[in-house]
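This structure is in structure tokens; I'll ask about it shortly.
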Amino acid sequence: MKILVCISVVPDTTTKVKFIDGKEFDKAGVQWIINPWDELALTRALELKEASAGKIEKITVVNVGAVEAEATIRKALAMGADEAIRINTTAKDTFSVAGEISEAIKDQGFDVIFSGIESSDFNGVGVGGMIAEILDIQSVSAVSGIDFADDVFKVKRDIDGGFEMLEVKAPFVATVQKGIAIDPRIPNMRGIMMAKKKPLNVVESANCEPLSEYVQYEMPKPKPPVKLVENAAELVNVLHNEAKML
Amino acid sequence: MILIYTQNWDGKFKKLSYELVSYGAAIAKQMNTEVVALSIGNVANNELQSLGKYGASKVVSVNDPNLSVVDNKIYAKTISEAVNKYNAKVILFANNNEGKAIAPRISAKFKAALITGVGKLPKSVEPFVICKKVYTGKASVDVKVNSDIKVLTLFQNSFGVVEAPVDAEIETLELTIDTPTIKVIEQSKSTGKVLLNDAEIVVSGGRGMKSGDNWAGIEQLAEILNGGTACSRPVSDEGWRPHGEHVGQTGKIIAPNVYFALGISGAIQHLGGVSNSKCIVAINTDKEAPIFEAADYGIIGDVHKILPELIEEVKKLKS
């Protein structure tokens, strides 16, 4: 069995975002990381492989990005992924990213494709579901747990108002969220050394056209200062009479 | 046509579907077209009719035993039949688990741009330009959509429910539905509890609550206010509360009317998840805590002392 984990490279979550003339994201001084959900997905994929007694043979990561993304992709290899694919183009919109990944991997026979439930930059949520539709395979979303036993995947998904445990047959796409793993795996020194020798294959873009474009960024308007009150009675009073929220 | 994917719970629609129809009706007005609401499952006629109150001139119902499991592939195929039949140009989903699961498949099927987490009406429909939050609420962007068909997911509680009554024509769609390929072996639904995404008022606790054993007050306040409960990341990481309650950059993004941040310092990642709230109330001992920069109202003080008083005051107000 082979697992693919889609990773996007995003600004560190503590980044104070800035834009150049409202037209493009200001990359100056930004630290780049693996999208937090993708990192958890990779962590769980590695755990599944280790517990599978050889049944899961290989974990591949794929990224759509320019050469600058390679340092972050190497981190995924250092965490334990066996190989990486970088599709050589910049990500334009969710649809084009899903199209690029589908085109690059369609003949590689992945059994499970992991994708984070969203990316912390554009907060697009669609890559996993779109890949599933393009490849015409099953997809399970909001996955907060996954196990592999007796050749069946047991998948926990959050539904609106609870959860379900599912049995899902490969191939499928799992769009994962927090809970699938709690903490991302931290690469150790050996992993970092080995990562340098692992394959990072660069494939050319299939030139998938985006369907949308970002025309103008805006920062939120500054908020008026907080109104401090002395006690609970006053708080309820202002929420009821002034804010009209209670 | 604007097609709305509604969701029902045991045959009943909730506010979320009424809000979706309201939002769809407003876009339909901009585009000079009408709203078709799609309902999947066993929903009584009078319940289907209720969607007309918010502007759905047609309600299409599909019911089949094979749809009792939400198999994303089959659901997407079912919805796509309706898209084709009614020549839908805009397809609306809620920005919740089910919406986010199915919308991308519809987007790929029709090569229709997917814009997730919208909250306001399009700035223009020709060309179609709509604003969405990016970087987890730290900024917003105007997106120009170039595809003929558009798929949008709406942040719950961002547009509101607006009455625009029309007579809804009910139609039953007979389709051949495939057998699901996923199997549900266990299902757990929390009954009676207000869902975090649905909640108009959210009471949330952070590390300042000191222990998971101190949550009774938070639950009680939420209950009196008919609200939901949430927490910050350290709280769910410590296992004090389930991960489903974690709001913030790597958790849920919510937009309630009132967000009570109790003992939450307000790290930038946390604020990203709650900054769309209409009113933020903070209680914290540390007057330098960043939560006070995001808050509308606040008390500097010990949450363990203030929360019981707050519960009593809210009780007085409600009685």
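Just so you know, these numbers use all the heavy atoms, side chains as well, and skip hydrogens, waters and symmetry mates. Quantities reported herein were computed from a predicted structural model and do not represent experimental measurements. Reminder, nothing fancy here: chain letters follow the sequence lines and each chain counts from 1.
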Query raised in the report: Do the rings of A:Y217 and B:Y135 sit parallel, tilted or perpendicular, given the 30° and 60° boundaries?
Result: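 Ring orientation of A:Y217 relative to B:Y135: tilted.
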Query raised in the report: Do B:I291 and A:V226 have side-chain heavy atoms sitting under 4.5 Å apart?
Result: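 No - every pair of side-chain heavy atoms lies 4.5 Å or more apart.
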Requested in this report: Mark yes when over 12 heavy atoms from residues, nucleotides or ligands other than A:D21 sit less than 6.0 Å from its CG; otherwise mark no.
Outcome: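 No, not enclosed.
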Requested in this report: Check each atom of B:I102 against the heavy atoms of chain A and say whether the ones under 4.5 Å are side chain, backbone, both or neither.
Outcome: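 For B:I102, there is no contact with chain A at all, as no heavy atom is under 4.5 Å.
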Query raised in the report: Of the backbone (N, CA, C, O) and the side chain (C-beta and beyond), which part of A:I131 lies under 4.5 Å from a heavy atom of chain B, both, or neither?
Result: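 Neither part; nothing is under 4.5 Å.
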Query raised in the report: Quick one: what part of A:K154 sits under 4.5 Å from any heavy atom of chain B, side chain, backbone, both or neither?
Result: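 For A:K154, the contact with chain B is made by the side chain alone.
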Query - Which of B:I268, B:I311, B:I185, B:V145 touches chain A most, by non-hydrogen pairs under 4.5 Å - result: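 Answer, by heavy-atom pair count under 4.5 Å with chain A: B:I185.
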Requested in this report: Let me know if B:A103 has heavy atoms under 4.5 Å from chain A in its side chain, its backbone, both or neither.
Outcome: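 Interface part for B:A103: neither.
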Query raised in the report: Counting only heavy atoms not in A:K16, do more than 12 fall under 6.0 Å of its NZ?
Result: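 Incorrect, the count does not exceed 12.
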Query raised in the report: Rounded to the nearest 0.5 Å, what separation is found between the CG atom of B:D237 and the NZ atom of A:K178?
Result: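 Here the rounded value is 4.0 Å.
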**Report entry** Engaged part of B:Q7 at the chain A interface, taking heavy atoms whose separation is under 4.5 Å
**Finding:**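 Only the side chain of B:Q7 comes within 4.5 Å of chain A.
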Query raised in the report: Is the shortest heavy-atom distance from the side chain of A:I182 to the side chain of B:H243 under 4.5 Å?
Result: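 The answer is yes, as the side chains (C-beta and beyond) meet within the 4.5 Å cut-off.
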**Report entry** B:N197 side chain reached by A:D160 side chain, heavy atoms, under 4.5 Å
**Finding:**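 Answer no - side chains too far apart.
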Query raised in the report: Which bit of B:A294 comes within less than 4.5 Å of chain A, counting heavy atoms only: side chain, backbone, both or neither?
Result: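 Contact with chain A: backbone only.
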Query raised in the report: Is it true that A:D136 and B:K77 have a side-chain N and a carboxylate O under 4.0 angstrom from each other?
Result: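 A salt bridge is absent here (no side-chain N lies under 4.0 Å from a carboxylate O).
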Query raised in the report: By a 4.5 Å heavy-atom criterion (distance strictly below it), what part of B:S275 contacts chain A: side chain, backbone, both, or neither?
Result: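 Neither part.
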Query - Per-residue contact mode, B:I253 against chain A (heavy atom under 4.5 angstrom) - result: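 For B:I253, the side chain is the part near chain A, not the backbone.
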Requested in this report: Enter the distance from A:N35:CG to B:T250:OG1 here, rounded to the nearest 0.5 Å.
Outcome: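 Between A:N35 CG and B:T250 OG1, I get 10.0 Å after rounding to 0.5 Å.
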**Report entry** Part of A:F19 lying under 4.5 Å from any heavy atom of chain B
**Finding:**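 For A:F19, the side chain is the part near chain B, not the backbone.
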**Report entry** Toward chain A, the part of B:L307 with a non-hydrogen atom under 4.5 Å
**Finding:**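 Neither part.
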Report task. Determine the option with the most heavy-atom pairs under 4.5 angstrom with chain B, choosing from A:P225, A:A232, A:G162. Result ->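 When all of A:P225, A:A232, A:G162 are compared, A:A232 has the most.
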Query raised in the report: What pair of heavy atoms forms the shortest contact from B:V258 to A:M245, and how long is it?
Result: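 Scanning both residues completely, I find the closest heavy atoms to be CG2-CB, 3.4 Å.
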Report task. Look at B:Q249, B:K100, B:K305, B:K278 and state which one has the largest set of heavy-atom pairs under 4.5 Å with chain A. Result ->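 Ranked by heavy-atom pairs under 4.5 Å with chain A, first place is B:Q249.
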Query raised in the report: So how far is it from A:Q216 CD to B:K144 NZ, rounded to the nearest 0.5 Å?
Result: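 Taking CD in A:Q216 and NZ in B:K144, the distance rounds to 14.0 Å.
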Query raised in the report: Within a reach of under 6.0 Å around NZ of B:K120, are more than 12 heavy atoms found that belong to other residues, nucleotides or ligands?
Result: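 No - once you tally the heavy atoms of other residues, nucleotides and ligands closer than 6.0 Å, there are 12 at most.
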Query - Heavy-atom proximity to chain A below 4.5 Å, by part of B:L317 - result: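 Side chain only.
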**Report entry** Max heavy-atom pair count under 4.5 Å with chain A, selected residue of B:A101, B:S147, B:S140, B:A295
**Finding:**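 Looking at each of B:A101, B:S147, B:S140, B:A295 in turn, B:S140 comes out on top.
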Query raised in the report: Hey, does A:L211 have a side-chain heavy atom less than 4.5 Å from the side chain of B:N146?
Result: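 Of all side-chain heavy-atom pairs linking A:L211 with B:N146, none is under 4.5 Å.
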Query raised in the report: Taking atom CG of A:L235 and atom CD of B:E313, what is their separation to the nearest 0.5 Å?
Result: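 If I round to the nearest 0.5 Å, the distance is 9.5 Å.
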Report task. Check whether any side-chain heavy atom of A:R157 lies under 4.5 Å from a side-chain heavy atom of B:V70, and answer yes or no. Result ->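 Contact flag for A:R157/B:V70 side chains = yes.
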Query - Residue pair B:Q269, A:T13: steps toward the side chain to side chain donor-acceptor pair (under 3.5 Å) verdict - result: CA-CA 6 Å; B:Q269 296 97 325; A:T13 53; 3.2 Å; yes
Query raised in the report: Relative to chain A, which segment of B:I299 carries a heavy atom at a distance below 4.5 Å: side chain, backbone, both, or neither?
Result: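 It is both, since atoms from each part get that close.
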**Report entry** Heavy atoms of other groups near B:E186 CD, more than 12 under 6.0 Å
**Finding:**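 Counting other residues, nucleotides and ligands, CD of B:E186 exceeds 12 neighbours.
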Requested in this report: Heavy atoms only, distances under 4.5 angstrom: which of A:G179, A:P210, A:S119, A:P220 has the most pairs with chain B? Name it, please.
Outcome: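 Winner by heavy-atom pair count: A:P220.
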For a quick test of your reading: what N or O donor-acceptor pairs under 3.5 Å do the side chains of residues 106-115 of chain B make, sequence neighbours left out?
residue : atom : partner : partner atom : Å
B:S107  : OG   : B:A112  : O            : 2.6
B:K109  : NZ   : A:E133  : OE2          : 2.8

Query raised in the report: Which residue out of A:V168, A:V229, A:D183 racks up the most heavy-atom pairs below 4.5 Å with chain B?
Result: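 The option with the most such pairs is A:V229.
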Query raised in the report: Does some side-chain heavy atom of B:T181 sit less than 4.5 Å from a side-chain heavy atom of A:K169?
Result: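 The answer is no, as the side chains (C-beta and beyond) never meet within the 4.5 Å cut-off.
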Query raised in the report: Using non-hydrogen atoms only, which part of B:Y75 is less than 4.5 Å away from chain A: side chain, backbone, both, or neither?
Result: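 B:Y75 has no heavy atom closer than 4.5 Å to chain A.
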Report task. Give, as side chain, backbone, both or neither, the part of A:D121 having an atom under 4.5 angstrom from any heavy atom of chain B. Result ->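 Answer is both: backbone and side chain atoms of A:D121 are under 4.5 Å from chain B.
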Report task. Please report the closest heavy-atom contact between B:K123 and A:E218, naming both atoms and the distance. Result ->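 Reported closest heavy-atom pair: NZ-OE1, 4.5 Å.
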Query - Contact leader toward chain B among A:A98, A:G99, A:G126, where contacts are heavy-atom pairs under 4.5 Å - result: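 Among the listed options, the one with the most contacts to chain B is A:G126.
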Report task. Give a yes or no on this: more than 12 heavy atoms of other residues, nucleotides or ligands lie within 6.0 Å of atom CD of B:Q187. Result ->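 Count over threshold, so yes.
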Query raised in the report: So which part of A:P11 gets closer than 4.5 Å to some heavy atom of chain B, the side chain, the backbone, both or neither?
Result: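 Side chain of A:P11 only, per the 4.5 Å heavy-atom cut-off to chain B.
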**Report entry** Backbone of A:A233 reached by a side-chain donor or acceptor of B:K316 within 3.5 Å
**Finding:**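 Between the backbone of A:A233 and the side chain of B:K316 there is no qualifying donor-acceptor contact (under 3.5 Å).
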Requested in this report: Considering only heavy atoms and a distance below 4.5 Å, find which of B:K138, B:K133, B:E309 pairs most often with chain A.
Outcome: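 Maximum pair count with chain A is reached by B:K138.
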**Report entry** Residue pair B:R105 / A:S139, side-chain heavy-atom distance below 4.5 Å
**Finding:**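 B:R105 vs A:S139: side chains touch.
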Query raised in the report: Given side chains that start at C-beta, do those of A:K227 and B:D296 come closer than 4.5 Å, heavy atoms only?
Result: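 Contact flag for A:K227/B:D296 side chains = no.
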Query raised in the report: CD1/A:I159 to OG/B:S188 distance, rounded to the nearest 0.5 angstrom?
Result: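 Spacing of CD1 (A:I159) from OG (B:S188) equals 7.5 Å.
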Requested in this report: Please identify each residue that fulfils ring-ring contact (aromatic ring centres under 6.0 Å, His included) with A:F163, with sequence neighbours left out.
Outcome: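 Result, ring-ring contact (aromatic ring centres under 6.0 Å, His included) vs A:F163: none returned.
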Query - Partner chain A: residue of B:I201, B:V143, B:I280, B:I283 with the largest heavy-atom pair count (under 4.5 Å) - result: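 Highest number of heavy-atom pairs under 4.5 Å: B:V143.
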**Report entry** Selection from B:V69, B:L16, B:N72 maximising heavy-atom pairs under 4.5 Å formed with chain A
**Finding:**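 Option with the greatest count: B:N72.
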Query raised in the report: For the candidates A:Q138, A:M219, A:M130, which exhibits the highest count of non-hydrogen atom pairs separated by less than 4.5 Å from chain B?
Result: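 Most heavy-atom pairs under 4.5 Å with chain B: A:Q138.
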Requested in this report: Name the member of A:A132, A:S102, A:P36 that forms the most heavy-atom pairs with chain B at distances under 4.5 Å.
Outcome: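 Most heavy-atom pairs under 4.5 Å with chain B: A:A132.
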Query - Part of A:E209 within contact of chain B (heavy atom distance under 4.5 Å) - result: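 Interface part for A:E209: neither.
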